[in-house]
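Data block below; observations after.
Throughout, a chain's letter reflects where its sequence line sits, starting with A, and its residues are numbered from 1. Atom set for the values below is all heavy atoms of this structure, side chains included, hydrogens, waters and symmetry mates excluded.
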There are 2 protein chains.
Amino acid sequence: MTLAEENYLKAIYHLEQEFKNGVSTNALAEEMNTKASSATDMVKKLAEKNMLTHIPYQGATLSDAGRAYAVKVIRRHRLWEVFLVEKLNFSWDEVHEVAEHLEHINSDKLVDELDAFLGFPTYDPHGDPIPDKEGNFTYIEKIVLAKGEVGTTYKCIGVDDTSSEFLKYLDSNNIGLGTIVKVLHKEPFDNSIKLALGDSEIVVSQSVAKNLYLKKV
Amino acid sequence: MTLAEENYLKAIYHLEQEFKNGVSTNALAEEMNTKASSATDMVKKLAEKNMLTHIPYQGATLSDAGRAYAVKVIRRHRLWEVFLVEKLNFSWDEVHEVAEHLEHINSDKLVDELDAFLGFPTYDPHGDPIPDKEGNFTYIEKIVLAKGEVGTTYKCIGVDDTSSEFLKYLDSNNIGLGTIVKVLHKEPFDNSIKLALGDSEIVVSQSVAKNLYLKKV
DNA sequence: TTAATAATTTAGGCAAATCTAAAAATATGT
DNA sequence: ACATATTTTTAGATTTGCCTAAATTATTAA
Ligand SMILES: [Mn+2]
Ligand SMILES: [Mn+2]
Ligand SMILES: [Mn+2]
Ligand SMILES: [Mn+2]
């Protein structure tokens, strides 16, 4: 598998969560920051390699082999992110870019020893689950802040948007994984939400509310 | 700099130690396991980028920028080798291949934090010096076993050949970095050398003697 | 000092991954 | 139902890094 093929497989895997019945060429091209014609070419190549099935004009669906391969790349990505934060003093908004490169280094020994060195972590710095060697995820139920209930106390356990901008925004408002928040008010006008955060209160916009994951505590 | 360009720069850097007056196309092609025509193409491209000077039919010579870049890649390579051995339980014969990939990940923060995490090592698992952030090497005088003197005691401090085969041979004969040996006899017939190694004696061939570096102790 | 030999470069092509532009298929709205 | 809009595919180029074969330049040896 080439670097480009690995990246396409990962993108298709992520898009399949959203589009259950086949990933469209346009969606894939957008995710990959390429043009639709490039996506078509690659989909045909991956179909040739039995990594996915493709019905022309109908979208692509990963095969078991393709899904397993995508999960393998995701495992590497998330383990490296943990390494960067835990061992090399990276902050959670700096790791993604470097992990995009590290994830393509193909050595089972490297990945499995790294896993052990890190103590077999199950979540990455953004709260995303890390599949084990066999590809199994440990899932935790999570709800998005936008759907939180007034009066309920939650713990922050993940983010959807992992852009540096969003993560730095959270940092500057003292929100991180593990932070405890209570929903005080949901404003119907603009869907902003007022939270209790330690001793203080904070109002977050709908964009924030849609990108922060919580669990009841 | 692309992956291929980085690898060519590194190869030219290494060959310049041997061929002081310009690296020939053929030598470069052999080092890179490509054909001479490919080496010519790349040399022209690197000359275009001011990484080296190339006089047609006369060989290539790195510019200061090219040499600095090559040293940077070598620094990454050797730091990752240390990481793999010290932290991930790799043996010295397994690290090179993986480091060949890790060395191309281009993040100053990554490399410098890794350096700090490892305690600023000055030598890699094969006894090769690791340049610092500014590109300065700490050199230690070393002599090759083939030129060792009978009756003298030495410490093993490096290898020339870093192939898995050679390193495994050394492992199986209990020779590693730090091992103390005494030269007992040099056989003129085949240039083999008899060594005292702890309580036992061992005879090593000329091939071994030319690839093991020592310093007087 | 030539002629053979060796090294190097040039010419022309190929595969991967991308692009633009055009054609074909599908979806949508009245 | 049918014209229009959208999506997807195809056709034809481009760039990078590599190849083989042929031409060119340098070296060597008689
Ligand atoms: Mn990431
Ligand atoms: Mn992540
Ligand atoms: Mn190495
Ligand atoms: Mn080494």
Q: Ignoring backbone atoms, establish whether A/H54 has a side-chain N or O less than 4.0 Å from OP1 or OP2 of D/dT9.
A: yes
Q: Taking the six-membered ring of A/Y213 (Phe, Tyr or Trp), confirm whether the NZ or CZ of A/K142 is under 6.0 Å from its centre and within 45° of its axis.
A: yes
Q: Have a look at B/A4 and say if it touches a base, only the backbone sugar-phosphate, or nothing, with a 4.0 Å heavy-atom cut-off.
A: sugar-phosphate
Q: Could you tell me the separation between the CE atom of A/M42 and the C1' atom of C/dA16, rounded to a whole number of Å?
A: 8 Å
Q) Please give, in whole Å, the distance from D/dC18 C1' to B/M32 CE? A) 11 Å
Q | Atom-pair distance (NZ on A/K44; P on D/dT9), nearest Å | A | 8 Å
Q.
Tell me the interatomic distance from A/L28, atom CG, to D/dT7, atom C1', rounded to whole angstroms.
A. 14 Å
Q: Please determine, for the side chain of B/Y57, which listed nucleotide (D/dT10, D/dA26, C/dT26) has the closest atom?
A: D/dA26
Q: Would you tell me if any nitrogen or oxygen in the side chain of A/S38 comes within less than 4.0 Å of OP1 or OP2 on C/dC19?
A: yes
Q. Among B/E6, B/K10, B/R78, which residue meets the side-chain contact (heavy atoms from CB on, under 4.5 Å) test with B/E103?
A. B/K10
Q) Where the side chain of B/D41 is defined as all heavy atoms beyond and including C-beta, which of C/dT9, D/dC19, C/dA24 is the nearest nucleotide? A) D/dC19
Q: For A/E30 and D/dT8, give me the distance from atom CD to atom P, rounded to whole Å.
A: 12 Å
Q. Does the side chain of B/K35 get closer than 4.0 angstrom to OP1 or OP2 of D/dC18 through an N or O atom?
A. no
Q) Expressed in angstrom and rounded to an integer, what is the separation of A/K49 atom NZ from C/dA16 atom C1'? A) 10 Å
Q) In whole Å, what is the span from the CD atom of B/E48 to the P atom of D/dT16? A) 11 Å
Q) Can we say B/E94 and A/K109 salt-bridge, meaning some charged N sits less than 4.0 Å from an Asp/Glu carboxylate O? A) yes
Q. Are any of A/Y8's side-chain N or O atoms less than 4.0 Å away from OP1 or OP2 of C/dT18?
A. yes
Q. Is A/K87 positioned over the aromatic face of B/F83, cation under 6.0 angstrom from the ring centre and no more than 45 degrees off axis?
A. no
**Q.** Proximity to the side chain of B/T40 - top-ranked nucleotide from D/dT20, C/dT8, C/dA24
**A.** C/dT8
Q. For the side chain of B/N26, counting heavy atoms from C-beta on, which of D/dT10, C/dT8, D/dT20 is nearest?
A. C/dT8
**Q.** N-O pairing of A/R75 and A/D115 below 4.0 Å
**A.** yes
Q | Closest-nucleotide ordering on DNA chain C, the 5'-leading residue of B/S24 and A/L3 | A | B/S24
**Q.** Between C/dA16 (C1') and A/E6 (CD): distance, integer Å
**A.** 15 Å
Q. Is the distance from OP1 or OP2 of D/dT20 to the nearest side-chain N or O of B/S37 less than 4.0 Å?
A. no
